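First the structure, in the form of structure tokens, and then the observations on it.
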Protein chains: 2
Amino acid sequence: MEEKINMLIEKGVVPTTQRLIVFQHLEESKTHPTADDIYKALKRRYPIFSRATVYNTLFIFKEAGIIQELTLDKREIHYDPIPSPHHHFYCKVCKEILNIAISCPVAKKREINGHKVEDVQSTFYGVCKRCLKH
Amino acid sequence: MEEKINMLIEKGVVPTTQRLIVFQHLEESKTHPTADDIYKALKRRYPIFSRATVYNTLFIFKEAGIIQELTLDKREIHYDPIPSPHHHFYCKVCKEILNIAISCPVAKKREINGHKVEDVQSTFYGVCKRCLKH
DNA sequence: TTATAATATTAGAACCATTCTAAATTTAAA
DNA sequence: TTTAAATTTAGAATGGTTCTAATATTATAA
């Protein structure tokens with residue numbers, strides 16, 4: 001807990017109770033949840049939790065570089081607790097999002113054609129290994 | 001016009017008047033318009049045009065591989081008249097979407113970690129050359 | 001500590017891009 | 001020409017996200 005509080009402070013984020021809960025939930029989640037996934041999960045345990053708080057917190061975290069916003073789904077935004085850029089695979093069948101560890105020189109560029117690059121998102125769309133079998 | 005009609009037929013799309021108008025509009029547009037951009041532009045010239053028709057047509061075109069859907073903007077979907085995969089740059093300041101011609105071996109993969117890849121989207125986010133100057 | 005200002009949280013309303021619906025129209029097939 | 005199928009239309013419904021105004025909490029100053 002101590003370290004989580006310090007981590008938020010280091011990133012310039014006031015460590016409120018709600019923010020610590022959201023942060024811990026993100027860390028523990030192995031998936032790439034949407035804001036509503038997080039809201040529903042936390043609401044069950046902490047009934048006072050508000051939807052707006054989840055949205056605000058995710059916005060704050062993203063701005064602070066603590067998490068990453070994934071705009072790879074046409075319906076809703078997903079969040080990734082790993083802030084460093086990496087590729088993703090989005091399964092059209094089961095809708096799961098998988099991290100892809102792959103070395104890619106293009107994704108490391110900080111400048112391209114004179115444009116300043118701050119973030120990169122690379123997503124593969126298709127059918128995942130598991131769904132291919134069924 | 002003749003060739004546009006044949007092109008749609010070839011792709012298995014019934015070439016209705018509305019679809020031809022949408023297709024021509026996409027071809028002429030140098031940008032990556034949203035469904036609503038297209039609807040508003042066409043509504044001005046053809047007041048009977050319906051929003052649902054634009055959405056239906058874009059869906060049909062995407063399924064037929066005539067256009068590409070870009071889910072790089074968190075707010076709305078953009079459409080690219082070039083169906084073959086290529087990188088994009090999204091300017092956070094002016095919100096413009098630019099095509100990036102870059103050779104990328106990773107983006108050519110049809111299989112990764114056992115998953116079947118059907119599409120790839122790679123987007124750079126940052127500040128474009130023009131906005132950097134201002 | 002106490003008072004005051006600034007920030008965060010809450011519930012629910014508002015927003016808005018997209019999808020759905022049912023009726024009317026157009027196109028294709030018999 | 002008749003009939004069936006597909007397309008288009010206007011507007012309502014949906015649903016993820018943002019906004020609002022009131023309340024609660026936290027930080028700062030006296």
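We name chains A, B, ... by the order of the sequence lines, and we start the count at 1 in each one. Please read these numbers as outputs of a predicted model, since none were measured by experiment.
- Here Tyr55(A) reaches the OP1 or OP2 of dT17(D): one of its side-chain N or O atoms lies under 4.0 Å away.
- Aromatic ring pairs are classed by plane angle as parallel below 30°, tilted from 30° to 60° and perpendicular above 60°; the pair His32(A) and His86(A) is tilted.
- The shortest distance between side-chain heavy atoms of Leu70(B) and Gln121(B) falls below 4.5 Å.
- Contacts with DNA chain C (heavy atom under 4.0 Å) in residues 11-30 of chain B: none are found.
- The backbone N or O of Val14(B) sits less than 3.5 Å from a side-chain atom of Arg19(B), completing a donor-acceptor pair.
- The nucleotide whose nearest atom lies closest to any side-chain atom of Arg51(B) is, among dA11(C), dT18(C), dT9(C), dT18(C).
- Between Lys92(A) and Asp119(B), at least one side-chain N (NZ, or NE/NH1/NH2) sits under 4.0 Å from a carboxylate O, which counts as a salt bridge.
- A donor-acceptor contact closer than 3.5 angstrom links the side chains of Thr71(A) and Tyr125(B).
- The closest side-chain heavy-atom distance from His88(A) to Ile100(A) is not below 4.5 Å.
- Atom-to-atom, CG of Asn56(B) to P of dT9(D) comes out at 10 Å; the value is rounded to the nearest Å.
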Please step through side-chain hydrogen bond (donor to acceptor under 3.5 Å, both in side chains) for the pair Asp37(A) and Thr34(A), ending with a clear verdict. CA-CA 5 Å; Asp37(A) 290 339; Thr34(A) 65; 3.2 Å; yes

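- Summarising the geometry, the separation between CD1 on Ile48(B) and P on dT8(D) is reported as 11 Å, rounded to the nearest angstrom.
- Residue Phe49(B) contributes atom CZ, which lies 18 Å from atom C1' of dG11(D) at whole-angstrom precision.
- For the residue pair Asn99(A) / His87(A), no side-chain donor-acceptor distance below 3.5 Å is found, with atom types taken as modelled.
- With rounding to whole Å, Tyr39(B) atom OH is found 15 Å from dT8(D) atom P.
- Rounded to whole Å, the distance from CG on Asp37(A) to C1' on dT17(D) is 14 Å.
- Contacts between residues 57-78 of chain B and DNA chain C, defined by a heavy-atom separation below 4.0 Å, involve Arg75(B), Glu76(B), Ile77(B), listed by number.
- Hydrophobic clustering places Val22(B) together with Met7(B) (ILVMFWY residues linked when any side-chain heavy atoms are closer than 4.5 Å, directly or through intermediates).
- For the pair Tyr79(B) OH and dA17(C) P, the interatomic distance rounds to 13 Å; values are reported in whole Å.
- The distance between atom CG of Asp36(B) and atom P of dC16(C), rounded to the nearest whole Å, is 11 Å.
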